[in-house]
Amino acid sequence: MKNKKMIYGIIGLGRFGTALAHKLANMGAEILVVDKDEAKVSAIREITENAFISNNLEKKSLSDMGFSNCDVVVVCLASAIDVSILTVMQLQNLGVKRIIAKAKSTEHGEILAKLGAEIVYPEQDMALRLANRLEMGHGVDFIELSHSVKVATFNVPNEFIGKTILEVSLREKFGLNIIAIENNGTVVDTIRPNYVFSDGDVLYLCGNKKAISSISDWLATR
């Protein structure tokens, strides 16, 4: 049986919400968005028909727009703290299973977390990612899933192009697992040993920091 396609809701089309919408759309996801700014909504309709202009984020309004059908809703309203808190409450009342909210401060995040939302701090997260990139060097970017587990991305080296995953043997050489491969907006998340690397592939690797440091050092010699 074919897996049900995930539906993502995005409330607020600032820089963060807009970038998220474009990324999800490029990955082929179904998205539903709302913002009070007509120009922003008009622009986002280039990538989704499910875009609404509304300043009303009460329970009935959100339900009428379809947010109760979303698997994940991301609340991108950090600049309006009171509105973001009330919106998370309304989504909880609608029974949305997973709510992710952008927080402006630690105190803001603590309140949202108590309401059951997962919290993101975009500016702080970007600063940490930049620090990690500078530390790793060689264009390797990674984020921390936990203290010991990292996910790194890097462009496929020329030496890999035309070879299969089995031939390259990243797990044996570096202790890294390929969890996804992206190329020109298409993401492959079912990784098979006979996959042949091609120009433009971006690899998503999972492993510990030592393993990522090892491949970063290896890339520096290419």
Side-chain angles (χ1 to χ4, degrees), residues 3-130 141 143-145 151 180 182 185-187 189 204:
N3 291 333
K4 174 182 175 292
K5 192 171 185 179
M6 295 279 287
I7 303 174
Y8 298 90
I10 299 173
I11 299 177
L13 290 174
R15 287 180 295 178
F16 180 76
T18 299
L20 178 62
H22 279 278
K23 186 63 175 178
L24 287 171
N26 288 339
M27 294 173 67
E30 184 174 344
I31 60 173
L32 172 70
V33 301
V34 62
D35 194 275
K36 63 182 180 180
D37 189 308
E38 183 176 353
K40 291 178 180 179
V41 174
S42 178
I44 213 73
R45 281 180 179 150
E46 295 180 3
I47 61 172
T48 179
E49 296 179 353
N50 302 315
F52 299 91
I53 303 167
S54 180
N55 197 31
N56 184 347
L57 299 178
E58 295 180 359
K59 181 180 177 180
K60 185 179 184 305
S61 180
L62 290 169
S63 179
D64 289 344
M65 286 184 282
F67 283 92
S68 56
N69 300 320
C70 293
D71 299 285
V72 182
V73 177
V74 185
V75 180
C76 310
L77 301 170
S79 60
I81 295 176
D82 55 341
V83 178
S84 76
I85 292 170
L86 291 172
T87 302
V88 168
M89 291 177 61
Q90 302 290 15
L91 293 168
Q92 286 284 13
N93 291 334
L94 281 176
V96 176
K97 294 179 181 178
R98 187 179 182 191
I99 303 168
I100 301 171
K102 177 183 173 183
K104 187 174 184 179
S105 65
T106 302
E107 293 77 12
H108 183 198
E110 288 174 352
I111 296 171
L112 293 170
K114 287 179 180 179
L115 294 174
E118 299 174 37
I119 312 305
V120 292
Y121 299 93
E123 290 79 8
Q124 177 181 315
D125 291 345
M126 285 304 298
L128 290 174
R129 289 182 67 181
L130 177 58
D141 188 11
I143 58 175
E144 298 190 16
L145 297 183
V151 173
E182 181 180 2
T186 300
V187 177
D189 57 9
Y204 290 73

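Treat the numbers as computed from the prediction; the structure is a model and nothing was measured. If you read the sequence from its start, that first residue is 1, and numbering goes on from there.
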Test side chain to side chain contact (heavy atoms under 4.5 Å, CB included) on I99 and L115; report intermediate values, then the result.
CA-CA 10 Å; I99 303 168; L115 294 174; over 6 Å; no

Determine, step by step, whether K114 and I111 satisfy the side chain to side chain contact (heavy atoms under 4.5 Å, CB included) criterion, reporting the C-alpha distance in whole Å, the side-chain angles of both residues, the deciding distance to 0.1 Å, and the verdict. CA-CA 5 Å; K114 287 179 180 179; I111 296 171; 5.8 Å; no

Exercise for the section: Please step through side chain to side chain contact (heavy atoms under 4.5 Å, CB included) for the pair L13 and D37, ending with a clear verdict. Expected result: CA-CA 8 Å; L13 290 174; D37 189 308; over 6 Å; no

### Message
Before you tell me yes or no, could you show the steps for N69 and L32 under side chain to side chain contact (heavy atoms under 4.5 Å, CB included), namely the whole-Å CA-CA distance, both residues' side-chain angles and the distance that decides it to 0.1 Å?
### Response
CA-CA 10 Å; N69 300 320; L32 172 70; over 6 Å; no

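Between the NE2 atom in H22 and the CD1 atom in I31 there is a gap of 8.0 Å [rounded to 0.5 Å]. We find the CG-CG distance between L86 and L91 to be 11.0 Å, quoted to the nearest 0.5 Å. Rounding to the nearest 0.5 angstrom, the gap separating the OG atom in S68 from the CG atom in N93 is 12.5 Å. The distance from atom CG of D35 to atom CD1 of I44, rounded to the nearest 0.5 Å, is 9.5 Å. A distance of 7.5 Å separates OH in Y8 from CG in D71, rounded to the nearest 0.5 Å. Between the CD1 atom of I11 and the CD atom of Q90 there is a distance of 10.0 Å, given to the nearest 0.5 Å.
Residues F52 and V41 come closest through the heavy atom pair O-CG2, 3.4 Å. Between V96 and C70, the shortest heavy-atom distance links the atoms CG1-O, 4.1 Å. Contact between G109 and Y121 at its shortest, heavy atoms only, is CA-OH, 3.5 Å. S54 approaches V34 most closely through the heavy-atom pair CB-CG2, 3.9 Å. What you find for K102 and L112 is that their closest heavy atoms are O-CD1, 3.9 Å. Pairing each heavy atom of A101 with each of A117, the nearest pair is CB-CB, 4.1 Å.
The backbone N or O of A180 sits nowhere less than 3.5 Å from a side-chain atom of D189 that would complete a donor-acceptor pair. The closest donor-acceptor contact from the side chain of S84 to the backbone of I81 lies under 3.5 Å. At least one donor-acceptor pair under 3.5 Å links the side chain of S105 to the backbone N or O of H108. Side-chain atoms of T87 come within 3.5 Å of backbone atoms of V83 as a donor-acceptor pair (strictly under, hydrogens ignored).
For E58, the CD atom sits in a loose shell: 12 or fewer heavy atoms of surrounding residues, nucleotides or ligands are nearer than 6.0 Å.
At a threshold of 4.5 Å between non-hydrogen side-chain atoms, the residues L24 and I10 count as touching. The shortest distance between side-chain heavy atoms of M6 and V72 falls below 4.5 Å.
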